[in-house]
Amino acid sequence: MKMMTKGFASAMALTIGLSAAAKAEDVEVLHWWTSGGEAAALNVLKEDLASKGIGWVDMPVAGGGGEAAMTALRARVTAGDPPTAVQMLGFDIQDWAAEGALGNLDEVAAAEGWDNVIPGALQRFSKYDGHWIAAPVNVHSTNWVWINKAALDATGLGEPTNFDELVAVLDKMKEAGITPIAHGGQPWQDATVFDALVLAEGTDFYKSAFIDLDPAALGGEKMADAFTKLIKLRSYFDPNFSGRDWNLASAMVINGEAGMQFMGDWAKGEFLKAGKVPGTDFVCIRFPGTQGAVTFNSDQFAMFNVQGDAKKAAQAAMASAIESPTFQSAFNVVKGSVPARTDVPDTDFDDCGKKGIKDLAEANTAGTLFGSMAHGHAAPAAVKNATYDVITAAVNGEYADGAAAAKALADAVAAAQ
Ligand code: BGC
């Protein structure tokens, strides 16, 4: 009872302190949510903060996966003027914390019991040296396929459950005169597809190769097979894939110009924004051969070490708003992701969202939930970028075969460590 009273009193003090200070300070937020679906989700956040008296200063840096945003961030921090809050992924958060650049959210985290409701897989990135440094907004996963329903029905085939069935569906789509795979040829998108191909080689293999960075796995036969399959998939892209933004690839599936896209569930945000309904207009399935396993990434707002109590209070107020269960539901329903807390009901989510929530929980229990290499949750940026180079070179036909690509990957990862 004594404990509860103390906890309640400190939560009250925090709330009073925050609301008074938040009025005085805006939050400047650096992010890369610039596509239609992303902007719609961002609006949910902006409006939620506005309702709590927290003003928003926007710093958008376009570019899926966030590479350009991270370059812009480095320039701001070097100039001694970090933004208040920054959208960030996995190992990047830890790297900034190691540089001593991040602030501290322990007070709000303790008052709201984040330790008990945010999954350990996310806390591994939201905490540094035992202290909360970032507020997770969501959990995305990368091993999804988004299929135009009419295009799938026209093949007369069912949803593909393994690579051979996938190829059969792609061949039928090609015969029907549509682009089978909508792809955007940018390194992070190439890597997003490759995440799924590596996972399809087996969950133990994904872990050995991409989490443990085992040279034998990176350069071995299964990796060669994953590259061979990547090169095969490349033959189903249209000639204009190079450099295409991911949301334009989603649009090709939405309007029936293409059959399917391999992409994280932020793609669903584009389908929803276009008024499309899962099960009716489009189908979401796990990448063939990865059912039961999930590669995830989580957008978190890392809080920089800003000066002044009012700014710090605004950071805490923003973090508190983000972790509220009602916000977690409202935002993630629009974004295509699933909540970053385990206690948010799936009631308001569509069928793909409900599946995403269930898959994540099951993979977590089964030990088949892994950080995405493509999205910075498997290895630090130097290793991630080394994998990008080899994967993109493979997509561009620079290796004689899958085995040569696998060897190049093992060498590149070794050099990056
Ligand atoms: C982020 C998503 C974002 C996607 C495309 C991913 O790295 O986690 O929130 O929608 O990139 O921009």
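As the structure lists them, so they are numbered: ligands from 1, and atoms in each ligand from 1.
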With heavy-atom distances below 4.0 Å as the criterion, list the atoms of ligand 1 near [X].
X: H140; result: 2 (C), 8 (O), 9 (O)
X: K335; result: 2 (C), 3 (C), 9 (O), 10 (O)
X: L89; result: 7 (O), 8 (O)

| query | Taking the minimum heavy-atom distance to atom 7 (O) of ligand 1, which of H375, Q87, E38, Q300 ranks first? | reply | H375
| Applying a strict 4.0 Å limit to heavy atoms, is G66 in contact with ligand 1? | no
| task | Establish, yes or no, whether the cationic atom of K174 lies under 6.0 Å from the six-membered ring centre of Y236 and within 45° of the ring axis. | result | yes
| message | Less than 6.0 angstrom from the centroid, inside 45 degrees of the normal: does K384 satisfy that with respect to the ring of F91? | response | no
| query | F210 and F205: aromatic ring centres closer than 6.0 Å? | reply | no
| Under 6.0 Å between the ring centres of Y128 and W96? | no
| message | Main chain of W246, side chain of S250: is a donor-acceptor contact present, judged purely on distance under 3.5 Å? | response | yes
| task | Quick one: look up the protein heavy atom nearest atom 9 (O) of ligand 1 and list residue, atom name and how far away it is. | result | D299 OD2, 2.6 Å
| task | State, to 0.1 Å, how close I231 and A394 come at their nearest heavy-atom pair, and which atoms those are. | result | CG1-O, 4.0 Å
| request: Please name the pair of heavy atoms, one in S372 and one in D195, separated by the smallest distance, quoted to 0.1 Å. | output: OG-OD2, 2.6 Å
| query | Looking only at N/O atoms, are W266 and ligand 1 under 3.5 Å apart anywhere? | reply | no
| task | Give yes or no for whether the N/O distance cutoff of 3.5 Å, strictly under, is met between G65 and ligand 1. | result | yes
| task | Specify side chain, backbone, both or neither for N138, according to which of its non-hydrogen atoms lie closer than 4.0 Å to ligand 1. | result | neither
